[in-house]
Amino acid sequence: MGTAVTGATAPLWRAAQAFRLVTALYAIGQEIASAPYYRHPGLSWVLIGLLVLWSVVSAMLLSQWRISTSPRVRTTVVIGDHLVVIALMAATRLVADYAWFHGHQTVPTTLWAANAVISAAIATGPVGGVLSGVLISAVSIVVRAQWELDLWSDATAPMLVSVGLALGLAADTARRAHRQLQRAALLTAAARERERLAREVHDGVLQVLSYIKRRGSEIGGPTAELALRAAEQEVALRVLLSEQSAPVPDVPDSPAADQDLRPLLTAQASPSVSVSAPADPVPVPRAAAAELAAVVAAALSNTALHAGSAAKAYVLLEDTGDAVILSVRDDGPGIPDGRLAEAAAQGRMGVSRSILGRIAALGGTAELRTDDGTEWEFHLPRHRPTPKG
């Protein structure tokens, strides 16, 4: 586990070490009460001295932030915990007779032995905690030779396994919550940076592009092409800023992931462009949403260039469930019959590539009406493949 993940469980580690020291005091008290009944009381005190020494050393190691974040040190201490607990439990047979150890706790006591289970649970989660509880319980059963039916009335195994499960689940929950908190902090920082960049672009680049578009249209001649390109880039930048200001989804950013189409269209609204969209989200594949926004941008650019600055444009988005219908209409003079074919013959492929080509790649259809102004109507069926590369 990394440092950040370990930091999430640092409070659990420190609390566990406080429990370790308390249980060490309990083990000393139990030794004072039991020593008169041991066969070798002197050896039992040596074992308790080792218990106290290991309790202090391991508690210091696992409660220190910098040391406990080292996976190698932490793993070593957890393994050492199990080895010391098992050795002290097995040594009970050296200091006590069968009549005593068969019916009483081992030298380190059950509570102190639970420290190994707690360490394993915090370090590895519920699975490691339960396995550790089963291991320590099995050692206790073997050392105390409790094979008879009284085994089922003993609380040692249920207590150790329950502790391992509960602490393991708590540790996993803490790590998961910590990761989510870090992700939320990163997303918040990213959103603030995007907002800052969007303000700078809006106050600088978009104003310049808008000026070039207006002046180029006014001058006419060769600068009309420059005005058209500036208008296209202005709309593209507005679409990009709208995408960046939308909430960051908690899903992989893939072309197949759904995105609400409405913000990409409303970003193109202006005093001369009116956008109408449903109140509910209109989800379409992310790549398709970007292409549809580009189609609308191209249609609005043609309106601004050919219909004049006084023309009004209207964008209407509809969601029928089976298809998405997108209409772009203006109140300009319209397109004369044969004008699009003439432009294509002259090598001017703006409408063909920017509009018809994109819609065809999405698997949709485009219909043009020029009776009263110019109106494009695009139909995009649901569950279509992503755009062709």
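Computation of the quantities below employed the complete heavy-atom set of this structure, encompassing side-chain atoms and omitting hydrogens, waters and symmetry-equivalent molecules. This chain uses plain numbering: 1 for the first residue, then up along the sequence.
- For residues 121-131, no pair satisfies salt bridge (charged side-chain N to carboxylate O under 4.0 Å, His left out), with sequence neighbours left out.
- To the nearest 0.5 Å, atoms CG (L88) and CG (L51) are separated by 5.5 Å.
- A donor-acceptor pair is defined here as one N or O able to donate and one able to accept, closer than 3.5 Å; no such pair exists between the side chain of D330 and the backbone of K312.
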Determine, step by step, whether H379 and E377 satisfy the side-chain hydrogen bond (donor to acceptor under 3.5 Å, both in side chains) criterion, reporting the C-alpha distance in whole Å, the side-chain angles of both residues, the deciding distance to 0.1 Å, and the verdict. CA-CA 7 Å; H379 289 252; E377 185 170 287; 2.8 Å; yes
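- A side-chain donor-acceptor contact under 3.5 Å links T266 to the backbone of P263.
- Looking at residues two or more places apart in sequence or on another chain, you find a side chain to side chain donor-acceptor pair (under 3.5 Å) between D81 and R20, W54, S119.
- The closest donor-acceptor contact from the side chain of R369 to the backbone of W376 lies at 3.5 Å or more, if one exists at all.
- T92 places a side-chain N or O within donor-acceptor distance of the main-chain N or O of V107, the cut-off being under 3.5 Å.
- In this structure T23 satisfies the side chain to side chain donor-acceptor pair (under 3.5 Å) test together with N115, sequence neighbours excluded.
- Judged by distance alone, the side chain of S140 and the main-chain N or O of I136 form no donor-acceptor pair under 3.5 Å.
- For the pair R286 and D260, the salt-bridge criterion is not met [side-chain N within less than 4.0 Å of a carboxylate O].
- Counting only residues at least two apart or on different chains, no salt bridge (charged side-chain N to carboxylate O under 4.0 Å, His left out) pair has a member in residues 275-284.
- Under the side chain to side chain contact (heavy atoms under 4.5 Å, CB included) criterion, A16 pairs with I118, I122, sequence neighbours left out.
- Under the 4.5 Å side-chain heavy-atom criterion for ILVMFWY residues, no single connected hydrophobic cluster contains both L316 and L300.
- In this structure a side-chain-to-backbone donor-acceptor pair under 3.5 Å is missing from T9 to L12.
- Listed by chain and residue number, W147 satisfy the side chain to side chain contact (heavy atoms under 4.5 Å, CB included) test with V142 (two or more places apart in sequence, or in another chain).
- For residues 48-63, the set of pairs meeting the salt bridge (charged side-chain N to carboxylate O under 4.0 Å, His left out) definition, not counting sequence neighbours, is empty.
- Residue pairs meeting the salt bridge (charged side-chain N to carboxylate O under 4.0 Å, His left out) criterion with at least one member in residues 89-98, sequence neighbours excluded: R39-D97.
- With sequence neighbours excluded, the residues that form a ring-ring contact (aromatic ring centres under 6.0 Å, His included) with H104 are W100.
- Within the 4.5 Å cutoff, the side chain of D172 has heavy atoms near those of the R175 side chain.
- In this structure, E318 has no side chain to side chain donor-acceptor pair (under 3.5 Å) partners at least two apart in sequence or on a different chain.
- No donor-acceptor pair under 3.5 Å is formed between the side chain of E291 and the backbone N or O of A287.
- In the hydrophobic clustering (ILVMFWY side chains linked at under 4.5 Å, chained through shared members), V130 is joined by V134, V161, L165, L169.
- Grouping Ile, Leu, Val, Met, Phe, Trp and Tyr by side-chain contacts under 4.5 Å, direct or through others, puts V127 with L131.
- Between L362 and V295 there is no side-chain heavy-atom pair separated by less than 4.5 Å.
- With a 6.0 Å cutoff to the six-membered ring centre and a 45° limit on the axis angle, R144 does not count as a cation-pi contact of F101.
- With hydrogens and angles ignored, the 3.5 Å screen pairs a side-chain donor or acceptor of T76 with a backbone N or O of R72.
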